[in-house]
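Here the structure is laid out as structure tokens; the discussion comes afterwards.
Here is how names work: the chains are called A, B, and so on, in the same order as the sequence lines, proteins then strands, and each is numbered from 1.
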There are 2 protein chains.
Amino acid sequence: MTGQVAAPDRVPTRERIVLAAADLYRRHGYTGTGMKQVAADAEAPFGSIYHFFPGGKEQLGEEVIRRAGGMYALLLPAVFDPAPDPVTGVRTFFTLAGEHLKASGWQDACPIATVALEVSGTSEPMREACAEVFSGWVQAGTERFTAEGLDPEQARAFTLAIVSALEGAFVLARALRSTEPLDAAGEALAARAAELFGAS
Amino acid sequence: MTGQVAAPDRVPTRERIVLAAADLYRRHGYTGTGMKQVAADAEAPFGSIYHFFPGGKEQLGEEVIRRAGGMYALLLPAVFDPAPDPVTGVRTFFTLAGEHLKASGWQDACPIATVALEVSGTSEPMREACAEVFSGWVQAGTERFTAEGLDPEQARAFTLAIVSALEGAFVLARALRSTEPLDAAGEALAARAAELFGAS
DNA sequence: GTCTATATCTCGATAGAC
DNA sequence: GTCTATCGAGATATAGAC
């Protein structure tokens, strides 16, 4: 009977910090994002960051990567479950990614990819966090495509190709300010899917 | 008759600065690379950077991107010219990329991709430099594959898919410390090439 | 053109009042 | 737990002797 109703500031401070950092990472990267800016965007006092993340910038970065990775993992079933077949699923995945990127003013790239490129040679804990996120995506895709009829090796290789193409197309699309790379990559992978799954 | 023999310090200061910065960018990114570190790695006096690049970090970054982009563009004919057919060329391209990345201790990613993700939302001049580099690659690939029998639209889409897959596979490979993403992406694109070019 | 010293700013991180 | 003031280090950039 503690009277837990939805409070006005329903999002806890710690959560706001993680969300704000995730948003900044995909716009400016890890090294380009300052802790003061995170605090400002999260509307949290500066000291609260070090209260919740005593490990500092690196600990915050690790958690942001894992959390963002988990959220993006939800997109896989969200797109593929309603799709009539894997070929359509692949094409839709790339199309939606392009629409979202364009709608954000070419700002919202994938935070994991940016951070992975920046810190893979600098911070081993963060590199491992990125690796675990990618591994999780690949494993989820492998299981799905295996269930849809591919043998596990094929399924894993195809998933790796999809994730790679998606991340790379994001890079080009963001720089070129065009969805063309995402459309082209999606088309190529959809054709590969048609070949693998034997559909048209 | 000015006696121009190969001098001991045959690489000019300005050149050393650009090369050192390019190397640092692909290891630590743009924001993660300091001007002092560039000077140190280039074995150049700190002030010389601002003598040659009065526009500061951004001007240096722009030139590094364009120069590195031009160097990487040379790899396309270097790999595809000796290849017996486009399918083999595609596969070789991804295989060599993986071998190089691994040989560098998973350090030498593509500097353009890293910088493109970091600054596309921050610095318009640098975003344009990245876009021009990518456009150049895509145009070169389009011309080559058109000459090999594809119609221009197919050739352009296929080139975009290749570059996207390559850049994305680099991201995963660097984080996972494995060439598996590059091999899988190469396999998928080689299969697509076989389909497009009608070879086996 | 080369090189050093330094100005100015912002970074990540900490201390301590409340 | 919240918030402010501030530290020391490192950043970019500049001034000026040589």
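The ring-ring contact (aromatic ring centres under 6.0 Å, His included) pairs that include a residue from residues 116-139 of chain A are Phe134(A)-Trp137(A), where partners are two or more places apart or lie in different chains.
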| Letter per nucleotide, 5' to 3', of nucleotides 3-16 of chain C [B base touched, S only sugar-phosphate touched, - untouched; heavy atoms, 4.0 Å] | BBB-----BBBB--

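For Glu62(A), the salt bridge (Lys or Arg N to Asp or Glu O under 4.0 Å) test picks out Arg66(A), with sequence neighbours left out. By the side chain to side chain contact (heavy atoms under 4.5 Å, CB included) test, Ala155(B) pairs with Thr142(B), Phe145(B), Thr146(B), Leu150(B), sequence neighbours left out. Phe53(A) pairs by the ring-ring contact (aromatic ring centres under 6.0 Å, His included) definition with nothing, not counting sequence neighbours.
Remark: Lys102(A) does not engage Asp108(A) in a salt bridge, criterion side-chain N to carboxylate O under 4.0 Å. By the 4.0 Å N-to-carboxylate-O rule, Arg91(B) lies too far from Asp85(B) to be salt-bridged with it. Comment: Glu180(A) engages Arg156(B) in a salt bridge, judged by a side-chain N to carboxylate O separation of less than 4.0 angstrom.
Between the CD atom of Gln59(B) and the P atom of dA13(D) there is a distance of 11 Å, given to the nearest Å. Computed from coordinates, the Ile17(B) CD1 to dG1(C) C1' distance equals 11 Å when rounded to whole Å.
Cation-pi check for Lys57(A) over Tyr30(A) is met; the charged atom lies under 6.0 angstrom from the ring centroid and within 45 degrees of its normal.
Near DNA chain C, defined here as any heavy-atom distance below 4.0 Å, there are no residues from residues 60-67 of chain B.
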